[in-house]
Amino acid sequence: MAKYFDVHPDNPQARIIHQVVDLIRADGLIAYPTDSRFALGCRMGNKDGLDRIRAIRHLDDKHHFTLMCYDFAQLGQFVQINNALFRAIKSSTPGPYTFILPATKEVPRRLLHPKKKTVGVRITAHTTAQALLAELGEPLVSSTLQLPGEAEPMTQGWEIKETLDHSVDAVIDSGECGTDLTTVIDLSEGAPEVLRVGAGDPARFSD
């Protein structure tokens, strides 16, 4: 059964954040809120966690996992950003954008797109997610919590607990979560390509 953590949306309790991070470090898989939707997350070296995310979401090996990063400095450790893109990405973070970029050697091979050697990166503005990332000290490998065959995402922690009780190790509830997706921008080829239009305005990345 998944543990259920009720976290204050504005002032996350340090004791609870510490407990959740201990669980992540012990190779747990969590469902946690972001500034768009709930996400599934585990640490980068957690192969079992990745396999469980793939199983929950019915993902193939071409799926781009996202590294949810604490800040821009951390993001820069895991992807290659040229000078032309630096300002546009930095000015859009934190926010509802996911960027696809060439990965550095810091990223485990199993997280990369098999052909492109790219990975998604994102910085969320959600207070609870930020608290988790600050305590963890490394990115969370994440994937949007959207179940196969479901048109709408789950927006409440108790609902996720009931549905995924035996599939995840913890659910972090910080109040109702949103339903918007992030806007996904592929920057791996130099010229921006909008792969998905979501909450973030794609116009700032158009020519």
Side-chain angles (χ1 to χ4, degrees), residues 1-5 20 23-24 26-69 78-79 96-103 107-122 124 126 129 132-133 138-174 176-186 188 193-200:
M1 290 179 60
K3 294 182 178 179
Y4 187 81
F5 295 97
V20 175
L23 189 150
I24 294 168
D27 284 346
L29 175 63
I30 68 168
Y32 72 102
T34 76
D35 51 355
S36 54
R37 296 182 176 190
F38 272 96
L40 297 166
C42 65
R43 70 178 190 87
M44 286 193 295
N46 185 352
K47 183 179 183 301
D48 175 67
L50 291 178
D51 290 342
R52 289 160 69 190
I53 292 174
R54 290 186 197 276
I56 290 168
R57 292 208 52 207
H58 295 183
L59 301 174
D60 61 25
D61 64 356
K62 295 180 178 61
H63 176 74
H64 266 115
F65 282 102
T66 296
L67 297 181
M68 189 72 79
C69 299
F78 298 96
V79 289
Y97 294 91
T98 300
F99 301 104
I100 308 297
L101 286 157
V107 182
R109 183 176 297 177
R110 67 175 70 95
L111 297 180
L112 304 180
H113 186 283
K115 291 184 178 179
K116 296 181 177 181
K117 308 304 180 190
T118 50
V119 71
V121 285
R122 191 183 161 211
T124 178
H126 195 282
L132 288 171
L133 291 164
E138 63 178 90
L140 268 174
V141 178
S142 298
S143 184
T144 303
L145 179 44
Q146 180 76 27
L147 297 183
E150 295 293 327
E152 296 296 326
M154 290 181 285
T155 61
Q156 301 191 44
W158 64 264
E159 183 184 17
I160 295 170
K161 170 82 162 78
E162 284 188 354
T163 305
L164 297 178
D165 204 20
H166 299 287
S167 301
V168 301
D169 299 298
V171 175
I172 292 81
D173 191 347
S174 210
E176 188 164 323
C177 203
T179 59
D180 290 334
L181 289 163
T182 59
T183 293
V184 180
I185 313 288
D186 189 338
S188 62
E193 180 184 359
V194 179
L195 301 184
R196 182 179 74 199
V197 177

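Position 1 is the first residue of the sequence, and the numbers go up from there. Atom set for the values below is all heavy atoms of this structure, side chains included, hydrogens, waters and symmetry mates excluded.
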Where is the tightest heavy-atom contact between [X] and [Y], given as atom of each residue plus distance?
| X | Y | answer |
| --- | --- | --- |
| L23 | A170 | CD1-CB, 4.0 Å |
| W158 | Y4 | N-OH, 3.7 Å |
| F78 | P139 | CE1-CG, 3.5 Å |
| M154 | F38 | O-CD1, 3.7 Å |
| V168 | A2 | O-CB, 3.4 Å |
| C69 | L133 | O-CD1, 3.6 Å |

Going by the angle between their ring planes, with limits at 30° and 60°, are H63 and F65 parallel, tilted or perpendicular? perpendicular
Measuring from atom [atom1] of [X] to atom [atom2] of [Y], what distance do you get when rounded to the nearest 0.5 angstrom?
| X | Y | atom1 | atom2 | value |
| --- | --- | --- | --- | --- |
| F99 | R122 | CZ | CZ | 10.0 Å |
| E159 | L164 | CD | CG | 9.5 Å |
| S167 | I160 | OG | CD1 | 12.0 Å |
| L132 | T34 | CG | OG1 | 12.0 Å |
| I185 | L195 | CD1 | CG | 7.5 Å |

Side-chain contact test, heavy atoms from C-beta onward, threshold under 4.5 Å: evaluate it for D180 versus P96 and give yes or no. no
Please collect all side chain to side chain donor-acceptor pair (under 3.5 Å) contacts where either partner lies in residues 110-120, sequence neighbours excluded, each pair once. H64-T118
Check: [Y] main-chain N/O paired with [X] side-chain donor or acceptor under 3.5 Å:
| X | Y | result |
| --- | --- | --- |
| S142 | L140 | yes |
| T144 | Q146 | no |
| R37 | T179 | yes |
| R57 | L145 | no |
| D165 | M1 | no |

Taking side chain to side chain contact (heavy atoms under 4.5 Å, CB included) as the definition, give me every residue that meets it alongside R52, ordered by chain and number, with sequence neighbours left out. L29, D48, D169
Could you walk me through whether M68 and Y32 pass the side chain to side chain contact (heavy atoms under 4.5 Å, CB included) check? CA-CA 11 Å; M68 189 72 79; Y32 72 102; 3.4 Å; yes
Of T98, T183, T182, which meets side-chain hydrogen bond (donor to acceptor under 3.5 Å, both in side chains) against R196? T182
My understanding is that only residues two or more places apart in sequence, or in another chain, count here; which of them pass salt bridge (charged side-chain N to carboxylate O under 4.0 Å, His left out) with D27? R43
Show your working on side chain to side chain contact (heavy atoms under 4.5 Å, CB included) between V79 and L67 and close with a plain yes or no. CA-CA 10 Å; V79 289; L67 297 181; 5.8 Å; no
In a check of side chain to side chain contact (heavy atoms under 4.5 Å, CB included) between V141 and each of V107, N46, L111, V119, which one passes? L111
